[in-house]
J.: 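I'd like to ask you about the structure that follows.
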Amino acid sequence: MEALTKKLVEAFGPCGFEDEVRDLIREEVAPYADEIEVDQMGNLYALKRGDGSGLKVAIAAHMDEIGLIATHITEEGFVRFTNLGFIIPHTLMGARVRFADGTLGVVSRDKARFVADMDKMPGVDQHFIDVGASSRDNCPVKIGTPGVIWQTMEVQGSRWIARCHDDRIGCVIGVEALKRLAETPHDVYFVFTVQEEVGTRGAATAANRIEPDVAIAVDVTPASDVIEGFPMQMKLGDGPGIKIKDMGMIAHQGLARLMQRRAEEAGIPYQPEVLLVGSTDARAMQIAGPGSAAGAISIPNRYTHTTSEVVDAADVENSVRLLVEILSKPIAL
Ligand SMILES: [Zn+2]
């Protein structure tokens, strides 16, 4: 899974521009799926058929990552930009950007008085990107060109460091679970969604199309085991989180209990999750169409929405195991 993770986290795919990621995932799932489809919005569906005795289940992981988009080019050839999804301005200074056409740039900001300004956090709109141009005319980046903050993946013991585990690691877990799912009573739609980071838009379309009985998002959650971390109990390496509640959703409690029971039966460590900020594709799927029993598997992730997110390989493996346990057995809610 390490190799697949590296491939996916180093692919280009800010919100609304997920094509490269979709092509890679499509190649991975093709040999294992009974049907593959892409809808008008760009969501990718890989259906694994059940034996007819089970439910219709949707598993969603979003392909998009936090990114940016050029708004205008200054006369000097610097690129002004806005965010696609929530960029933390703290992380911008000195970061490298990769644009859709491969152009590289370096972020700096207005009035950069490095010591005097340390305590202030200028907004995204007070930064610019230097792509080596000297004028508006010779700047390779045009208005509307999307980009991402560029970082390669690094491995440090059991820790994987990458710029967009949110949510390529969810995509990896979905792909791997499909590969390992030998038999299932359910019709399982593995959905790789678009535009989650700008308001779970792809998942809404996907759920309206599938009308699943059960919907499970696979996404990251903040690991709180750092100095003055989030006010929650979520440790890297202690197992996947099983969602109880977040800011956008109260999980179906019967489904949450079933997920916990499956983990206990199989000896998989897990952490009950109550998250005070953010939400996932499960929020959109819960209330789309006639509604569904929704929940989420959450991968503990340090420094979420920065350019160096950190997950633990054991949590990734245990998330796959948990998902396969849930999908290979009956779901009675
Ligand atoms: Zn996410």
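From a predicted model like this one, the values you see are computed outputs, not experimental measurements. Positions are given from 1, in the same order as the sequence printed here. Atoms within each ligand, like the ligands themselves, are counted from 1 in listed order.
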J.: Could you tell me whether Ile250 atom CD1 has more than 12 heavy atoms of other residues or ligands within 6.0 Å of it?
T.: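 Result for CD1/Ile250: open.
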J.: For Glu265, is the CD atom crowded, meaning more than 12 foreign heavy atoms sit under 6.0 Å from it?
T.: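 It does: Glu265 CD has more than 12 such atoms within range.
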J.: What number of protein N, O or S atoms occur at distances under 2.8 Å from the Zn ion (ligand 1)?
T.: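 With waters ignored, the protein N/O/S count below 2.8 Å is 4.
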J.: Applying salt bridge (charged side-chain N to carboxylate O under 4.0 Å, His left out), name anything that partners Asp19, two or more places apart in sequence or on another chain.
T.: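 So Asp19 forms a salt bridge (charged side-chain N to carboxylate O under 4.0 Å, His left out) with Arg22.
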J.: Who pairs with Glu35 by salt bridge (charged side-chain N to carboxylate O under 4.0 Å, His left out), at least two apart in sequence or on another chain?
T.: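 Glu35 satisfies salt bridge (charged side-chain N to carboxylate O under 4.0 Å, His left out) with Arg49 only.
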J.: Would Asp110 and Arg80 pass as an ion pair if we require N to O under 4.0 Å?
T.: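 The answer is yes: the pair qualifies as a salt bridge.
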J.: Enumerate the salt bridge (charged side-chain N to carboxylate O under 4.0 Å, His left out) contacts for residues 172-194, please, sequence neighbours excluded, ordered by first and then second residue.
T.: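 Found Glu28-Lys179, Glu176-Arg180, Arg180-Glu317.
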